[in-house]
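Remember, predicted model here, so these are calculated numbers, not experimental data. Values below: all heavy atoms of this structure, side chains included; hydrogens, waters and symmetry mates excluded.
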Amino acid sequence: MSPVSLADRHDVVLFDLDGVVYLGPQPVPGAAEGIAALRAGGTRVAFVTNNAARTPRSVAEHLVQLGVEAGEEDVITSAQAGARLLAEHLPAGATVLVVGAESLRQEVLAQGLVPVESADDRPAGVIQGYDPTLAWPRLNEAAHAVQRGALWVATNTDSNRPTDRGLVPGHGTAVAAVRAAVDVDPLVAGKPSPPLLQEAVRRTGATRPVFVGDRLDTDVAGAVAAGMPSVLVLSGSHGRRQLLAAPPGQRPDHLARDLRGLLQPARDVELSDGTASCAGVEVSEVAGALAVPAGLDPEQQLAAVWAAAALAWRAADAGRQLDVAAVLAATPDVP
């Protein structure tokens with residue numbers, strides 16, 4: 001009997017996009033093949049994004065261009081989650097000031113709400129999402145509406161976003177601009193807040209979902225907040241250094257080099273006093289430092305990092321910080 005893969009433990013795999021499926025305009029190596037193999041094995045997949053400016057159709061089309069099979073029904077965006085969040089707090093037909101792209105306006109309409117253009121229309125709500133053509137007067141209108149009592153929803157608060165030329169200011173900077181003029185915080189739909197992943201569960205009908213991401217502070221934290229297990233892949237933003245130092249609320253349930261790790265059995269860790277073992281690799285705590293065997297191959301190095309993380313987290317929770325220099329030195333093939 002073949003071992004059960006990590007994906008087989010779940011009925012739907014939810015993927016973050018940037019850093020997991022693609023890096024800017026380029027696919028993550030092996031991502032398209034890995035997703036195709038998951039589907040061939042009967043695993044359902046869906047794609048989740050904090051970007052409220054792109055429609056599910058445009059995201060799906062981009063994925064297809066990268067060799068990933070996807071339809072618009074497979075994509076869940078923070079615009080969808082944000083519009084639903086508004087609808088849960090406002091009566092049907094309520095007016096909403098939309099500060100965002102046309103895709104966000106369409107999601108507001110789909111929830112039975114009525115978009116307006118000015119704070120002078122006395123909207124019951126304000127929804128703010130990323131818009132690459134944003135003009136400052138739109139932020140002024142949002143601030144005026146919130147000051148007059150409108151319910152404020154932000155699709156996400158990412159402080160920056162990756163591009164093929166490097167990091168640029170994210171939608172969170174526009175949210176912060178409005179926050180500087182008002183005395184309330186917005187309700188937030190996107191990761192790490194739970195509504196986006198809750199929307200993904202609702203749309204996919206998942207009962208045993210798992211979320212796959214490359215960031216601890218948004219992806220893993222979002223999964224924790226939504227009450228679902230997570231997989232950290234090392235193909236994007238965060239790597240072994242951040243993993244070893246992860247605080248409570250940002251600790252993944254599983255670790256993989258990239259999303260193809262879902263096709264393999266889960267790497268489970270066995271903890272005992274002073275030691276942790278994973279896939280036959282034992283890491284130990286000695287005089288306040290972690291000790292790792294020498295001469296490990298790349299897969300054993302990944303197992304060593306995962307075992308070391310379990311020991312580092314246990315120590316941190318007890319108020320102790322372990323020296324992880326030996327772990328970093330012994331695992332050069334792990335990002």
> Would a 4.5 Å heavy-atom cut-off, applied to side chains only, mark H62 and R54 as touching?
Replying inline: yes

> Has the side chain of S235 got a donor or acceptor atom that lies under 3.5 Å from a matching backbone atom of G19?
Replying inline: yes

> Do M228 and H10 have side chains that get closer than 4.5 Å, going by heavy atoms?
Replying inline: no

>> Salt bridge check, E299 against R257: does any charged N sit closer than 4.0 Å to a carboxylate O?
In response: yes

>> Under a 4.0 Å threshold between the charged nitrogen and the carboxylate oxygen, would R148 count as salt-bridged to D120?
In response: yes

> Going by heavy atoms in the side chains, are P56 and E107 under 4.5 Å from each other?
Replying inline: yes

>> Using the rule given for side chain to side chain contact (heavy atoms under 4.5 Å, CB included), can you reason through W313 versus L243, listing the C-alpha separation, both sets of side-chain angles and the distance that settles it, and then say yes or no?
In response: CA-CA 9 Å; W313 297 343; L243 178 71; 3.7 Å; yes

> Would D131 and R138 pass as an ion pair if we require N to O under 4.0 Å?
Replying inline: no

> Do other residues, nucleotides or ligands put more than 12 heavy atoms under 6.0 Å from E270 CD?
Replying inline: no

> Got a sec: does the CZ of R241 have more than 12 other heavy atoms crowding it under 6.0 Å?
Replying inline: no

> For R240 and Q301, what are the C-alpha separation, side-chain angles and deciding distance, and is it a side chain to side chain contact (heavy atoms under 4.5 Å, CB included)?
Replying inline: CA-CA 11 Å; R240 55 189 174 145; Q301 290 180 34; over 6 Å; no

> Applying the side-chain hydrogen bond (donor to acceptor under 3.5 Å, both in side chains) test to N50, which of T155, D158, D18 qualifies?
Replying inline: D158

> Can you find a pair of side-chain heavy atoms, one from L328 and one from L244, that are under 4.5 Å apart?
Replying inline: yes

> For Q65 and E61, what are the C-alpha separation, side-chain angles and deciding distance, and is it a side chain to side chain donor-acceptor pair (under 3.5 Å)?
Replying inline: CA-CA 6 Å; Q65 290 170 356; E61 289 172 348; 6.0 Å; no

>> With a sphere of 6.0 Å drawn around CD of E69, does it hold more than 12 non-hydrogen atoms of other residues, nucleotides or ligands?
In response: no

>> Would you say CZ of R202 has more than 12 non-hydrogen atoms from neighbouring residues, nucleotides or ligands within 6.0 angstrom?
In response: yes

> Hey, is CZ on R57 packed in by over 12 heavy atoms from elsewhere, all under 6.0 Å?
Replying inline: no

